[in-house]
There are 2 protein chains.
Amino acid sequence: MTRASSRRPGPPTRTERGIPEATVARLPVYLRALTALSDSGIATASSEDLATAAGVNSAKLRKDLSYLGSYGTRGVGYDVEYLRYQIAREIGVTQDWAVVIVGIGNLGHALANYSGFGTRGFRIVALLDADPNLVGERIGDMEVRDFAQLEEIVEADRVSIGVITTPAGPAQEVCDRLVAAGVTSILNFAPVVLSVPDGVDIRKVDLSIELQILAYHEQRKSGEAALPQVPELPAMNGMTDLPSVGGGVGA
Amino acid sequence: MTRASSRRPGPPTRTERGIPEATVARLPVYLRALTALSDSGIATASSEDLATAAGVNSAKLRKDLSYLGSYGTRGVGYDVEYLRYQIAREIGVTQDWAVVIVGIGNLGHALANYSGFGTRGFRIVALLDADPNLVGERIGDMEVRDFAQLEEIVEADRVSIGVITTPAGPAQEVCDRLVAAGVTSILNFAPVVLSVPDGVDIRKVDLSIELQILAYHEQRKSGEAALPQVPELPAMNGMTDLPSVGGGVGA
DNA sequence: AGGAGCTTGTGAACGTGAGAACAAAATCGG
DNA sequence: CCGATTTTGTTCTCACGTTCACAAGCTCCT
């Protein structure tokens, strides 16, 4: 994910279509905040209002928005609808993106059932699984299809985004097939590090990792003193039956 | 999440229990990589091996590990089991953390069904929902209980981590109840910005946002030229029926 | 018309994170 | 026992991200 085109010193490569990655990650948050404000019938909002709604501070928000252009009015604020459209356009959710979900286990099921998908810039065009027992099952108004059909589906529906909700084992193979079929963006829920060629973007969502990060901070809060300083050599006999940490929510 | 205790210049507050947040976020990844190596029967690994398995570069990995102490051997590498234990201890997953899941919709169901939970340092002690139709339903070997019982469950089982998988609407109220009951770490899947008092850690997982970030990059790849430069004033009549972007995988 | 009062957009300072490069320390072979 | 080789731990430098602070610009009131 080396996407910042760094060319020369100065501010982090502004203008000419180079928005910092950290800003890109926040644009969807602003978009949601604007949608909420819009739904409340609010027509204009200051950077302070928006920042509160989005959970960031106002300076950061203003700087982020400044990468897109000057869409505010000094002394007044931002027109909610107008800014919302501009951000949606910048992100690319004014058009619909075709998505396939591969791996219809618990999580794949949950995502497939999630109704608020089609109305948000993304359209699930296929649910795929290699398990013959699952193929044919109906979920909502869709039917699970055979993973073997991947290539023709990607071609027919111009799919550019794939979601992997398989267990860890087959994830890399599924990923390779997706890439070979022409998918260039992948959202991975399997607890493995996937490798993809240049030009393919990949993002990972991992429940176990999130929980472990919380656990780290939690440990700090409760027994700051209960934590032994640095036990140089823990009992070796206990090490083979450690809880097998390191898994994930693969299916 | 202002957790770095910055006191004076120099390297980012090393030693005395101050591990940079970016490093903390990678420790679980290393843990998983070590577990995989261990399962393959590999006893020793160099920083290069580990870095490859974890999907980072070796300099970063060595620096990250150096915050924990000197657990490697120069000229040799790291003892896989030993390092795994040290990281697990640092994160805090050598003990078991009690977790409650609130909101048993599609996603809550999926998480509840996910079997590989108990063996990884986290133990689901309750599935809660306010909907009487759901209360009593069996999922695996657990039964959905009434959200009203939250306080007694948190107290009885010393729950410190809560997972919110409700829709956006009730999420803040659920969050407040969790905090009031004594939960100090929250993992939020609802598509809203939750506010919590100091001392409570919160992390967010949001499918919509991940997809939107992918869409942004995807848009760059395909029509670099198809994208109009900066349309200053889009047709106003089209703006009210924009796809209502900004939702999430709230349930 | 002109000044008071807001609010944006941005330049500059600061802090954090990443990567290159190398000295220190361990093993191994002769 | 010593030098060659390997690999860690750490230092230094650069890039990135965040925050402060303020000039520029807009509206409204008198």
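In what follows, chains carry the letters A, B, and so on, assigned in the order in which the sequence lines appear, proteins first and then strands, with residues in each chain numbered from 1. Please read all numbers here as calculations on a predicted model, not as lab measurements.
Atom CG of A:Asp79 is separated from atom C1' of D:dC26 by 15 Å (rounded to the nearest Å). We find that CD of A:Gln86 is positioned 16 Å from C1' of C:dT8, with the value rounded to whole Å. One interatomic measurement links the two molecules: CG of B:Leu68 to P of D:dT8, which rounds to 15 Å at whole-angstrom precision. Distance, A:Leu50 CG to C:dT8 C1': 12 Å, rounded to whole Å. Rounded to whole Å, the distance from CG on B:Asn57 to P on D:dT8 is 13 Å. Going from atom OH of A:Tyr71 over to atom C1' of C:dT7 covers 19 Å, rounded to whole Å. In this structure, B:Leu61 atom CG and C:dG19 atom P are separated by 12 Å, rounded to whole Å. One can place CD of B:Glu21 at 13 Å from P of D:dT18, the figure rounded to the nearest angstrom.
Listed for the A:Thr165 side chain is a donor-acceptor partner under 3.5 Å among the backbone atoms of A:Gly103.
Here CG of B:Leu207 is found 5.5 Å from CG of A:Leu111. Values are rounded to the nearest 0.5 Å.
Between A:Ser47 and C:dT8 there is a side-chain N or O to OP1 or OP2 distance below 4.0 Å. Checking the phosphate oxygens (OP1, OP2) of D:dG9, a side-chain nitrogen or oxygen of B:Tyr78 falls inside 4.0 Å.
Listed nucleotides: D:dT7, C:dT7, D:dT18. Nearest to the side chain of A:Arg26: D:dT18. Among C:dT27, D:dC12, D:dG25, the nucleotide with an atom closest to any side-chain atom of B:Val76 is C:dT27. You'll find that the side chain of B:Arg62 is closest to D:dG9, out of D:dG9, C:dA18, D:dT18. Among the nucleotides C:dA18, C:dA20, D:dG17, the one closest to the side chain of B:Lys60 is C:dA18.
Taking the nucleotide of DNA chain C with the nearest heavy atom to each of B:Gly75 and B:Ala22, the more 5' of the two is matched to B:Ala22. Residue whose closest nucleotide on DNA chain D sits further toward the 5' end, between B:Glu48 and A:Asp64: B:Glu48.
For the residue pair A:Arg89/A:Tyr85, the side-chain donor-acceptor check at 3.5 Å is not satisfied. Side-chain atoms of A:Asp201 and A:Ser185 include no donor-acceptor pair closer than 3.5 Å. Neither side chain, A:Thr52 nor A:Asp49, offers a donor N or O lying under 3.5 Å from an acceptor on the other.
Checked by distance alone, A:Arg74 brings no side-chain donor or acceptor within 3.5 Å of a matching partner on the base of C:dT7. Side-chain atoms of B:Lys63 stay outside donor-acceptor range of the base of D:dG9, with no qualifying N/O pair under 3.5 Å.
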